[in-house]
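Reckoned from all heavy atoms, side chains included, excluding hydrogens, waters and symmetry mates.
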Amino acid sequence: MDGGSKQTNNYVAKGLNSPEIRMNDNIPFVDEAVEHNHVRTYDSKDDDKKLHTPETKNEDIPFVDEVPEIRGRKDEPIRPKRYRDIEKGEAVHKPKPNGDIVIHASDLGSVHSSPNSDTIVVNTPEGTLYVTLDPYSPKSTKPNSPSTQSTELSDASPSTSKAFGTVESDDLIDNERENAEIRKMNLRRNSVSMPTLQNLESEVLRQAYLNNPQDEIPEHHQSTASGFSDGDHPTDENNDDDDRAKTPLRSPRRKPRRLGRSEFSMDEEDYSPSNSVTSVNSLASLLKEKLQSIPQKIRKKPTDYKLRAFVGLMFLAVAFFVGFAYVLYHQQALTKAYYDNVQFNEPKRIIRIFNRDDHEILKATLAVGLEGKVKSYPCLPEDRRNDGSECLEWLHTLRFYLKCLPHDPGVDNTTCYSVHWKALRNDVYPNDCFDWTDTKVHWYGGAQSLNITWPLNTGSIDYTPFITGDIQKSQWSNVLSRYLINSKGAAIIIDEETPLQVSINSARKEICVRAKYDDFAYVNKLTEFPEMKYNICTSHDMKSLHSSIHNHRRAPLWDGLKPADMQTLESLISEPVWQIAPRFKHELQAETISQYTEDVINLGFLKQGHVLINEFWQNEIGDLSVDTNRFETLNITVDKLHRRGFKVAFTIQPFVSTESVNFAECVQRRLLISERNSDRRIPALTRFKSLASAGVLDITNNRSVPWILEKLEAVIDEYHIDSFYFDLGVAYDMPHYYECEKRLINPDQYKTLFTKTFEKTLNIIGVSSAVFLPRPPIFVSLPPFESSWEAMAMVIPAMLTYGVDGYPFVMPGAVGGDIYWPGSEQFLPFSKGFMETNMTNTTQENGIELPERELYIRWLQMATFLPVMKFTHLPSKYNDEKVLEMAKNLTSLRQKLITPLLLKYKREALEEGLPLIRPLWLVSGGDAALMVQDEFAIGDEIVVAPILNPGETTREVYLPAGLWQDGIDGSLRKGNRWMHEYKVPLERVAYFIRKPDDMRFK
């Protein structure tokens, strides 16, 4: 190749897509419209004049690409004109006089070939033309892709290479014609392509190009994808440039674009691998163009999102209606109605109870724990009852009875339903759970525990036998009742023979009751398999329901009371109880009692009341006789107390210490509870308070009762004791393997029998534990509380719970907290707060440590409004005039205002069973009152809101509906609202007195 050609190639090496080439308007484009006047082949330049005569300017003369075969014509080709040159008024060659532009074969430079035989390079007067041939396309079309719309020419000067020679021989033409189809099958589409020349000249030109590969081609213009090369047809490197056939080059005619079709249509006619014309300068530009075109080619048609959204909504609607129909089917179609207001879904075992206004007031899941969806069946005829009960049976598992109990609508609006479960296997336990989230109710009653206060559903406890215990050990409290009531007017009353276990919020937010035997609480099996019986009672509201259930009109509590009993009841309400309970036995002597009562009298403002002496009046618990070593003149001391206006009460227990003088006699006479599965002569031992070992008197033994009465009557006759206080302990104080002469339902039945045995023969003022309402004037006591703010906060919830349980007369603990004694199960080791709050307090001569001053004041303020005021620590022991003055004012308030109200509602309690201390929801309705646990009401006339936290002088106060008079400043207050930041100084207590509604106008 000559120097001009090398120079051109070096210049082109910069790239066809460089800005210099693109900005050069002198470079022609193959895809631009051109016009040929005459196209002929020729052998010499002498024929030029013949070809360009006016006669030869005929439109019928075909173009090169339109002639199917040309064999050896010697016409001279004419240089075509470009539209760009015509528009700009330019011409590459000077036109002849007739205006035609003549293009000769000599105008074309050398033809080069690429190694993969798919690129033709031709030097023209305008620059270098690179053409990629593809024989697959049957005809020429306009390129479709925007990236393949032109083939660029180099701006290099024309080369002086050799011109085309003469026409190839016929043999060469025949060979090319035979191999045309073979090459078409082997050639593949390269990244740059143009329509294939369909005529013979194109074949000859290609063959000449393939036979001269020695001419250099810029490397970046050769095909770079070896996978597209025609490896089966290598070029012949031995051919001479002189042997190449000269063929005029004609730009293909632009085919009109078809409208109405996508630019990226994949029709074979419009888009084929051969109808893309473009130039490539490097592999990078090739990849870039292809990657840019990919998203356009794979772009989908616009999605009709409205249609899709409509279809989705329709699908959701259908799914919703199907689900709704399914739920409705299970709730309605599979639900049977019983007794008008009861609905029972058998597959899910869900029972719903409605009131007369069709409001759901109770929802329960029955037979919880029953594995799988076991189908129920009607009971067999021999298992049915003739009392109108509905009977269902889960085969070999459970049997269920439901009955509506008869009632008199004229008396009250209460309706009750009886539920009875029978287990049919030993490993099945009837278990019903009452949900309180779906029905949005609160539950009250039952008992108290360490984590359960007021209402019940605010705490949690796992399945625990429902027997009395120590709340400090996460057991149930010392007083309980198998009675639960919710805020919508539904109550559950569980039969006492049911081996009951109760769980609250253990796994889910629900209250569960279960019947299950165990080896202590329910060791005595009354039936072969566990049975659970309970009643569900409903009314239009909880206040009327509670009054109806605890109504004693048919058997009023006052029935059978003697005048002495009424006097004892009134004296306990109007006078204090002075509890003398030293920590050690040697500290209690006759002089101690005498001195204590003198201190009470010296106060000058407190009435004389009952002097309650703890168990240390005996030498050992169980002696049931006075320790004469410490009380040589006890009869004289008691007479002195009587003259001063006091009444004396001794504390007794049913326990007999192994150190007692009576223990041997009790064992010999078989008066003690024996150990199960052993010899009846062997007593069952237990621990109680400070006793390391003690037996328990068997109250079911007919020999024990006379023996006890004989001992106590001797004490009464000799010392003129006025009454007794029964410290019965809790169920867990019973021996673990206890066995009485008569079988007990549970350990708590013992204390019920013990109290009932002596309540008519002895004057009893109180019991420490109960599961059954004792006969008045017997008060049930709160559990012993430590001297701390946390313990003080538990007093009001315990009082309210015991009142709802049906105990109208409740005796709280001592002001400031109860006394600690060595070995006490309640307070060993020292409870929290005791050491911290009492380290700086003074110790009195009897060894009793005083509570914190502020705690004592706030506790005294609260106790002023409780049914009974019990003192262990006298206010004078603080040597503080402010404490004494405050105690004097509170005593005056109680005598003038509180005591008359308590005596007034005492009659209501004896008649209707309503408690003296009531929750606010018993005073008036309102959802806010349901959660108040730090306020209480005396009847429905006084609301008390004491301070229960240290250092506080303000609090939140809720007033029930009505008109109330402030006890601090005498102002009138509107009810049914909260009062925020209500100020309560240390020396005052917040209380409000109900007034008539028309008083605000006076």
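Applying the side chain to side chain contact (heavy atoms under 4.5 Å, CB included) test to Leu893 and every residue at least two apart in sequence or in another chain returns Phe865, Leu897, Tyr991. Legend: residues meeting side-chain hydrogen bond (donor to acceptor under 3.5 Å, both in side chains) with Ser769, ordered by chain and number and at least two apart, are absent. In this view, Gln567 satisfies the side chain to side chain contact (heavy atoms under 4.5 Å, CB included) rule with no residue, not counting sequence neighbours. For Asp940, there are no salt bridge (charged side-chain N to carboxylate O under 4.0 Å, His left out) partners, not counting sequence neighbours. Applying the side-chain hydrogen bond (donor to acceptor under 3.5 Å, both in side chains) criterion to Arg977, with sequence neighbours excluded, gives no partner residue. Lys543 meets the side chain to side chain contact (heavy atoms under 4.5 Å, CB included) test with Asp541, Leu922; sequence neighbours excluded.
Scanning all heavy atoms of the two residues, the minimum distance from Thr453 to Thr801 falls at O-OG1, 4.0 Å. Heavy-atom minimum distance, Gly817 versus His873: O-NE2, 4.2 Å. Nearest heavy atoms, Ser449 versus Ile461: OG-CD1, 3.9 Å. Residues Tyr878 and Arg853 share a closest heavy-atom pair of CE2-CA, 4.0 Å.
The side chain to side chain contact (heavy atoms under 4.5 Å, CB included) test with Pro777 singles out one residue from Ile764, Thr568, Ile765, and that residue is Thr568. Between Arg918 and the choices Glu908, Glu941, Glu912, the salt bridge (charged side-chain N to carboxylate O under 4.0 Å, His left out) rule is met once, by Glu908.
Salt-bridge annotation for Glu575 and Lys647: present, with a side-chain N of the basic residue lying under 4.0 Å from a carboxylate O of the acidic one. For Arg775 and Asp565, the salt-bridge test passes: some basic side-chain N is under 4.0 Å from an acidic carboxylate O. Electrostatic pairing of Lys906 and Glu570 counts as a salt bridge here, judged by a charged N lying under 4.0 Å from a carboxylate O. The pair Arg858-Glu852 does not meet the salt-bridge criterion, since no charged nitrogen lies less than 4.0 angstrom from a carboxylate oxygen.
Aromatic ring orientation, Tyr444 versus Trp454: tilted (interplanar angle from 30° to 60°).
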**CA sep, side-chain torsions, deciding dist, call: Asp733, Arg687, salt bridge (charged side-chain N to carboxylate O under 4.0 Å, His left out)** = CA-CA 7 Å; Asp733 291 326; Arg687 295 185 59 184; over 6 Å; no
